[in-house]
Number of protein chains: 2
Amino acid sequence: MTSEDIAGGRAAARRSVNPTVHDVALEAGVSPMTVSRVLSGGKNVRTELQDKVWRAVETLGYHRNENARSLRPGHRSGLVGVTITNIANPYYAEMLRGVEEIASANGRRILVGNSNEDADLERQLVADFIGRRVEGLIVVPSSTGDGAHLQGERLGGAPLVLASRAVAGVDVDTVLIDDVAGARAATARLLAEGHRRIAFLGNRSSVFTGRRRLDGFTLAHHDVGVEPLADLIRLGQQDVGAAEHAMADLLDLPQPPTAVFGANNRNTVGAIRAIVARRRSADAAGATSAEIRVAGFDSFDFADIAPVRLSVVDHDAGDLGRRAAAMLFEHLDGAPAAGSARVVELPVTLRDLF
Amino acid sequence: MTSEDIAGGRAAARRSVNPTVHDVALEAGVSPMTVSRVLSGGKNVRTELQDKVWRAVETLGYHRNENARSLRPGHRSGLVGVTITNIANPYYAEMLRGVEEIASANGRRILVGNSNEDADLERQLVADFIGRRVEGLIVVPSSTGDGAHLQGERLGGAPLVLASRAVAGVDVDTVLIDDVAGARAATARLLAEGHRRIAFLGNRSSVFTGRRRLDGFTLAHHDVGVEPLADLIRLGQQDVGAAEHAMADLLDLPQPPTAVFGANNRNTVGAIRAIVARRRSADAAGATSAEIRVAGFDSFDFADIAPVRLSVVDHDAGDLGRRAAAMLFEHLDGAPAAGSARVVELPVTLRDLF
DNA sequence: TCGCCGGTTGTTATCGTTACCAAGCAACGG
DNA sequence: CCGTTGCTTGGTAACGATAACAACCGGCGA
């Protein structure tokens, strides 16, 4: 068996396996180094050889092995790791799209992991991403656990940007929604309309945004010199069903609220459902039910067809992602982060949907 | 300068750079080979040395370089590439979560790209993923372009699974929603109730799902021996506004429809809005307006409290993703796909929301 | 004519990891 | 007491790509 036989056999086998520069070189009748040069621009290679190489690449269906490439010193992986507490949440999906957009524009690809609000899973994801030599990380931190695994020393030198939530003790660039101002503005609107019994449906205050939105709710009350009513505040509803139940509960009070603020879209939707259900049963009984005013943080699909007077605090999740990615790439391509960590709070707008 | 000085200097420099097995070996006072063995289970290594190695790993913050690892023959990259036409679409976000769930369970990570319905971008993403040696690909194909870049020879041996949409000429495993059956069942329900003037609001028929849902609509008519009314079919509405306008237009006909089928949630919501607006203006004028029956593909928030008689075709995007991923892993871990490509159509359920 | 230059091509060594082989050592049976 | 076995450890080479260097070529000025 001659070496040509071997080469021939190899070329045939290539049909389903990944060819290498060596295979392309063989096919084109040049050295691997020439192939490499052609693939990275063709500087100082005769046009004739370049054509030969490109033809061979085409014939064999060659794709440069990026993993091998990134092994060489000075070479970057072209990867950015993204962990999100729940990819299926439309809000974070929109954010992810923003991240992808900026990453793509900078020639990077994104590795995506779902942490499911589990700090341990998040730790594993981050460790795995570091092992894959991501150039940087964008993390929506889970609400559980300390941020020990996000401390710089553990990250193998990859810069980190936190999105949507901050983590105590982790001093890195962070992009947030202005939760406090948004909740404050929405609550102020309800107060300005004369409401004084305003319910609050939100996350446990251990959740970063949950705490901040409750803060905004409280501040708005203080702004007009009143205290929020503690018995109208319900925390910890994780899904629409729980929120609906909590709202129904509030409507059963001897003195029910006249307005409600949903601290996220699940709670807002649940509240609306409970209100509509109550209205229907009242109608059926020939009774009248008081109109409940609703405001909520986050918009949601078809918020504008909600059958109540509704205002929402709107914000651009895509922008959140784009900003986070942009900050990350400043670390990667630009200066080595001279000053300390920056915290950006993105503005929100209050919209009336009636 | 002694070699210890060099080692010391190196260890200090490691603070921000990624250490290697060699560094760990130096720190633990063993050979790189022993480190490697410990990291892959510690089979045939003294417990004492294992401890030393783990301590060194901890001290240096070492993470095994997966890219270098995957270079070795027989080793897999642990990556799956996913391209989606629009990550921000809640439906595909839910699907992505399903894919991530199964991929994670199989020890793989996902590379995610947004093709933005652009076949050329999709081609670039796929080529890049192949270059990163993904073990397989899950693609929601863009509605533009032929599937030339999805032909097997171009994929470097990585199996491909199509999700949500099929591509003519690309004979690979595909997971679809049963668009035809869903549209057929919903339309059949309307026909069974006696409706004979049923409007259709949907996508351009160049969109895969658009065509299939219209097919289902047509089949249901043929099932009862009637023809769909061409002048009640409106295609190409991309958003709620356009759908509302189209429906208003239909209601203005001398013989308006008595029922309407929305081929996706945007069209269904638009239809409902037009119907409600018409009802209000009729009420205001003291006139009566005919009740219009509504059915739609996809559910949406508040579908169950819509102010019309509504039925929706429900389906599980997460399941779509899980099934697609499961099929991919059958190719990866199991048999080498003896038979020809499978096409799975996930069942849908028709729900009455009144 | 000789030596140098710039353009072109190939050879070598290396990135981080690990399969494979070889070597060292203690225990054990003959 | 020696050969064998099994456990432990380290050296070497290779995965794929490419910087760095070396080699070669034709052309040009001295």
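So you know, we letter chains A, B, ... as the sequences are listed, proteins then strands, and number each from 1. All of these numbers come straight from a predicted model, not from anything done at the bench.
For A:Arg64, the CZ atom counts as densely surrounded, since its 6.0 Å shell holds more than 12 non-hydrogen atoms of other residues, nucleotides or ligands. The 12-atom threshold is exceeded at CZ of B:Arg108, counting heavy atoms of other residues, nucleotides or ligands nearer than 6.0 Å.
Rounded to whole Å, atom P of D:dT12 lies 13 Å from atom NE2 of B:His22. As a whole-Å value, the separation of B:Lys52 NZ from D:dT9 P is 10 Å. When the P atom of C:dT8 is taken as reference, atom CD of A:Glu48 falls 12 Å away, rounded to whole Å. For A:Asn65 and D:dA14, the CG to P distance is 18 Å, given to the nearest whole Å. Per the geometry, CG belonging to B:Asn67 stands 15 Å off P belonging to D:dG16, to the nearest Å. The CG-P distance, from A:Leu71 to D:dA14, rounds to 17 Å in whole Å. Straight-line distance from the CG atom of A:Leu26 to the P atom of C:dG10: 12 Å, rounded to whole Å.
A:Ala166 and A:Leu176 make their closest contact through N-CD2, 3.7 Å (heavy atoms, listed as atom of the first residue, atom of the second, distance). Residues A:Val140 and A:Ile84 come closest through the heavy atom pair CB-CA, 4.1 Å.
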Quick test: give all pairs of protein nitrogen or oxygen and nucleotides 18-24 of chain C nitrogen or oxygen below 3.5 Å, distance rounded to 0.1 Å.
| unit_1 | atom_1 | unit_2 | atom_2 | d |
| --- | --- | --- | --- | --- |
| C:dT18 | OP1 | B:Arg64 | NH1 | 3.3 |
| C:dT18 | OP1 | B:Arg69 | NE | 2.3 |
| C:dT18 | OP2 | B:Ser36 | OG | 2.8 |
| C:dT18 | O5' | B:Ser36 | OG | 3.4 |
| C:dT18 | O4' | B:Arg72 | NE | 3.2 |
| C:dT18 | O2 | B:Arg72 | NH1 | 2.9 |
| C:dA19 | O4' | B:Arg72 | NH2 | 3.4 |

With 3.5 Å as the limit, what N/O pairs link the protein to nucleotides 5-8 of chain D?
| unit_1 | atom_1 | unit_2 | atom_2 | d |
| --- | --- | --- | --- | --- |
| D:dT8 | OP2 | B:Asn44 | OD1 | 3.3 |

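Counting only residues at least two apart or in different chains, side chain to side chain donor-acceptor pair (under 3.5 Å) contacts with residues 74-89 of chain A comprise A:Asn86-B:Arg97.
A donor-acceptor distance shorter than 3.5 angstrom exists from the side chain of A:Glu135 to the backbone of A:Gly78, with no hydrogens or angles considered.
An angle of 70°, rounded to 10°, separates the two end axes of the helix from C:dT1-D:dA30 to C:dG30-D:dC1, each defined over five pairs.
No side-chain N or O of A:Thr174 forms a donor-acceptor pair with one of A:Arg342 less than 3.5 Å apart.
The CG atom of A:Leu328 lies 9.0 Å from the CG atom of A:Asn106; values are rounded to the nearest 0.5 Å.
Listed by chain and residue number, B:Thr34 satisfy the side chain to side chain donor-acceptor pair (under 3.5 Å) test with B:Ser31 (two or more places apart in sequence, or in another chain).
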Report all side-chain donor-acceptor pairs from residues 48-55 of chain B shorter than 3.5 Å, counting only partners two or more places apart or in another chain.
| unit_1 | atom_1 | unit_2 | atom_2 | d |
| --- | --- | --- | --- | --- |
| B:Glu48 | OE1 | B:Arg46 | NH1 | 3.2 |
| B:Gln50 | NE2 | B:Gly42 | O | 2.9 |
| B:Gln50 | NE2 | B:Val45 | O | 2.9 |

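Taking 4.0 Å as the cut-off between side-chain N and carboxylate O, A:Arg165 and A:Glu117 count as a salt-bridged pair.
Phosphate contact (OP1/OP2 of C:dG10, side-chain N/O of A:Ser31, threshold under 4.0 Å): present. Here A:Thr34 does not reach the OP1 or OP2 of C:dT8: none of its side-chain N or O atoms lies under 4.0 Å away.
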